[in-house]
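Notes follow the structure.
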Amino acid sequence: MRWIRALPIKIQPLGSRCCSSYVSRMRYLMNLKEDDELCRRALQSGTVLLYHKLSPLLQRTDRGGYKLPIFQVSVVNGMLEKLGKDAEVINSSVLVGCSDSLLAQFCLEVAELEQNAVEELCQGVFTDLRKAFFLLRSSEVPLVTRGQALLRWHQTHSYCSATGKPTQRNQAGSQRVCHSSGITYYPQMAPVVIVLVSDGERCLLARQPAFPRGMYSALAGFCDMGETVLETLRREVAEEVGLEVESAQYSSSQHWPFPQSSLMVACHATVSPGSSQINLSGAELEDARWFTLQEVQEALQRNSPPRDIKGEANVFWVPPSSAIANQLIQEWANQQLKS
Ligand SMILES: NC(=O)C1=CN([C@@H]2O[C@H](COP(=O)(O)OP(=O)(O)OC[C@H]3O[C@@H](n4cnc5c(N)ncnc54)[C@H](OP(=O)(O)O)[C@@H]3O)[C@@H](O)[C@H]2O)C=CC1
Ligand SMILES: [Mg+2]
């Protein structure tokens with residue numbers, strides 16, 4: 001199998017910001033993670049995203065859409081006071097980023113507060129992340145998913161897996177330490193390869209039983225310990241659809257928060273047209289098919305799947321644009337149109 005030269009990595013356009021602003025932000029964040037006192041002071045003048053049982057708070061916009069409200073710490077402190085809660089609660093905030101003007105941004109889990117009371121005071125609704133993922137603007141998605149991933153990691157790593165003793169976090173929440181064993185824990189994510197396989201004319205899409213009706217996506221699988229991206233890609237395609245990949249090419253990557261944090265590494269791959277007979281493993285996928293360019297183009301144009309009278313999607317559709325699978329499919333269609 002050939003690993004075709006990787007595409008040049010595209011850095012997102014920085015708009016009017018200059019590179020030194022980016023460097024300043026990254027250096028500032030690095031310092032906040034290393035210096036608890038600096039981070040504590042930054043929190044007092046920073047901003048906060050709110051979550052209740054890991055669901056982020058969203059607000060309706062005047063146009064009927066949704067936005068991610070970012071509160072000044074003073075506003076959150078005022079809310080805690082109104083609800084009769086200890087102002088110390090704010091110190092459990094976790095650092096998620098900082099603005100261009102070096103204002104530190106934090107996320108805070110308020111599961112101990114009464115949900116309706118917070119929603120009323122903050123004029124918002126705590127919304128399941130899967131829903132929020134598709135309601136928010138794509139520019140807001142990375143921040144809200146990062147916040148949730150960090151909060152979930154803290155909830156599930158409060159004890160040392162070697163000693164069973166409680167771990168202590170630093171002020172930024174970028175690590176937890178077990179002072180008994182000396183082990184330092186860092187937030188984790190699992191690498192996943194997602195691959196769009198083509199035979200030159202058609203692309204291969206598959207569905208798991210849990211997918212919404214009619215939705216097909218690219219093949220995906222977790223990297224096994226010790227594997228390279230290319231080895232995972234080759235193994236997953238062989239395991240899931242019984243095909244031997246001929247060549248592969250890196251496309252891009254995305255943090256994917258479901259079901260737990262993954263780093264999706266998206267690739268294109270080809271199989272020889274003479275060896276494109278699908279042989280499903282049966283364990284994970286309920287169906288896998290080759291789709292023509294025309295079928296794919298039609299699916300990409302559907303913003304939401306058409307529904308039958310029972311309200312269920314009854315035609316072929318693909319994941320929405322916020323999922324990296326959609327980007328792979330879009331890239332393949334554009335490439336086919338050019339060639
Ligand atoms: N952003 C996007 O566009 C898309 C994202 N995805 C995401 O990609 C991920 C992987 O796809 P999927 O096809 O499910 O993966 P796999 O094909 O690897 O199958 C999942 C199975 O792998 C086993 N497994 C091995 N390592 C892990 C791990 N670290 N975490 C969880 N399960 C593991 C589990 O089986 P067992 O319990 O039997 O050991 C699990 O049921 C999913 O989280 C999915 O949400 C998928 C498609 C599109
Ligand atoms: Mg899979």
Side-chain angles (χ1 to χ4, degrees), residues 54 128-136 138 140-142 144-146 148-149 152-153 156-157 161 185-198 203-243 245 248 250-269 278-289 291 296 299-300 302-305 313 316-333:
L54 299 178
D128 183 76
L129 188 69
R130 274 190 191 269
K131 233 170 140 189
F133 199 87
F134 300 111
L135 291 174
L136 292 170
S138 55
E140 295 171 307
V141 166
V144 77
T145 56
R146 192 180 324 146
Q148 198 233 34
R152 188 178 44 218
W153 179 76
T156 52
H157 288 77
S161 53
Y185 294 90
Y186 296 95
Q188 294 160 337
M189 53 187 171
V192 170
V193 175
I194 176 161
V195 54
L196 187 64
V197 177
S198 169
C203 73
L204 195 160
L205 297 169
R207 53 173 283 112
Q208 296 180 8
F211 282 6
R213 198 162 151 197
M215 191 186 92
Y216 282 71
S217 186
L219 302 176
F222 290 94
C223 293
D224 277 351
M225 195 64 86
E227 271 183 340
T228 64
V229 165
L230 188 55
E231 285 165 351
T232 304
L233 183 156
R234 192 179 189 194
R235 175 182 54 75
E236 283 291 336
V237 175
E239 276 180 10
E240 296 192 352
V241 292
L243 296 176
V245 165
Y250 170 75
S251 165
S252 52
S253 63
Q254 177 189 43
H255 172 236
W256 186 247
F258 316 111
Q260 301 209 350
S261 294
S262 297
L263 174 65
M264 307 289 305
V265 181
C267 300
H268 291 276
I278 297 170
N279 177 8
L280 272 190
S281 77
E284 184 187 321
L285 298 176
E286 111 184 336
D287 191 20
R289 288 189 216 164
F291 290 88
V296 165
L300 284 168
R302 294 183 188 113
N303 287 330
S304 56
F316 158 55
W317 58 291
V318 292
S321 57
S322 38
I324 204 162
N326 182 288
Q327 190 185 312
L328 278 176
I329 297 165
Q330 192 86 57
E331 284 170 357
W332 177 81

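Residue numbers run from 1 in the order of the sequence given. As the structure lists them, so they are numbered: ligands from 1, and atoms in each ligand from 1. All figures in this text were calculated on a predicted structure; none of them were measured in a lab.
Contacts between E240 and ligand 1 below 4.0 angstrom, taking non-hydrogen atoms only, involve the side chain exclusively.
Checked by atom type and distance alone, the side chain of T232 pairs as donor or acceptor with a backbone atom of T228 at under 3.5 Å. No side-chain donor-acceptor contact under 3.5 Å links W317 to the backbone of L300.
Here A220 meets the criterion, with an N, O or S atom under 2.8 Å of the Mg ion (ligand 2).
Of the N or O atoms in V192, none lie within a sub-3.5 Å distance of an N or O in ligand 1. In terms of polar-atom proximity, defined here as any N/O pair under 3.5 Å, S217 makes no such contact with ligand 1.
Here the side chains of S251 and E331 are in contact, with some heavy-atom distance below 4.5 Å. Contact of the L285 side chain with the Q208 side chain is registered, since non-hydrogen atoms from C-beta on lie closer than 4.5 Å. Considering only heavy atoms from C-beta on, V237 comes within 4.5 Å of V195 through its side chain. Taking the side chain as every heavy atom from C-beta outward, L233 and V245 approach each other to under 4.5 Å. Taking 4.5 Å as the limit, every side-chain heavy atom of M189 sits out of range of all side-chain heavy atoms of Q260. With contacts defined as side-chain heavy-atom distances shorter than 4.5 Å, the pair S261/W153 does not qualify.
The distance from ligand 1 to the heavy atoms of P259 drops below 4.0 Å at these ligand atoms: 43 (O). Within the listing of ligand 1, atoms 12 (P), 13 (O), 14 (O) sit less than 4.0 angstrom from a heavy atom of Q208. When each atom of ligand 1 is checked for a heavy atom of I194 under 4.0 Å away, the hits are 3 (O), 4 (C), 47 (C), 48 (C). Close approach of ligand 1 to Q254 (heavy-atom distance below 4.0 Å) involves ligand atoms 1 (N). Listed by number with element, the atoms of ligand 1 under 4.0 Å from a non-hydrogen atom of A325 are 3 (O). Interface atoms of ligand 1 facing M264, defined by a heavy-atom separation under 4.0 Å, are 4 (C), 5 (C), 6 (N), 7 (C), 8 (O). Against a heavy-atom cut-off of under 4.0 Å, G221 is close to the following atoms of ligand 1: 15 (O), 16 (P), 17 (O), 18 (O).
Note that atom 19 (O) of ligand 1 has protein non-hydrogen atoms nearby, at separations under 4.0 angstrom. For atom 35 (O) of ligand 1, the nearest protein heavy atom lies 4.0 Å away or farther. Put simply, atom 1 (N) of ligand 1 has protein non-hydrogen atoms near it, under 4.0 Å away. Atom 30 (N) of ligand 1 is approached by the protein to below 4.0 angstrom, counting heavy atoms only. For atom 6 (N) of ligand 1, the nearest protein heavy atom is under 4.0 Å away.
Between the side chains of Q327 and S321, not a single donor N or O lies within less than 3.5 Å of an accepting N or O. With no hydrogens or angles considered, a side-chain donor-acceptor pair links S198 and W332 at under 3.5 Å.
Of all protein heavy atoms, the one lying nearest to atom 13 (O) of ligand 1 is E284 OE2, 2.7 Å. Closest to atom 45 (O) of ligand 1 among all protein heavy atoms lies W256 NE1, 3.1 Å. For atom 46 (C) of ligand 1, the closest non-hydrogen atom of the protein is A220 CB, 3.7 Å. With hydrogens left out, the protein atom closest to atom 43 (O) of ligand 1 is F258 O, 3.1 Å, a heavy atom. Protein heavy atom in closest approach to atom 24 (N) of ligand 1: F222 CD1, 3.8 Å.
Residue F134 holds its CZ atom at 10.5 Å from CG of D128, rounded to the nearest 0.5 Å.
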(request) Please step through ring pair (Phe, Tyr, Trp, His ring centres under 6.0 Å) for the pair Y216 and F211, ending with a clear verdict. (result) CA-CA 8 Å; Y216 282 71; F211 282 6; 8.3 Å; no
(request) Go through L196 and L205 one step at a time and tell me if the side-chain contact (heavy atoms from CB on, under 4.5 Å) criterion holds. (result) CA-CA 7 Å; L196 187 64; L205 297 169; 3.5 Å; yes
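For the pair E239 and ligand 1, no heavy-atom separation below 4.0 Å is found.
Among the heteroatoms counted here (N, O or S) of E240, OE2 is the one nearest to the Mg ion (ligand 2). Shortest distance from the Mg ion (ligand 2) to E284 is reached at OE2 (N/O/S atoms only).
Minimum heavy-atom separation, I329 to V296: CG2-CG1, 3.4 Å.
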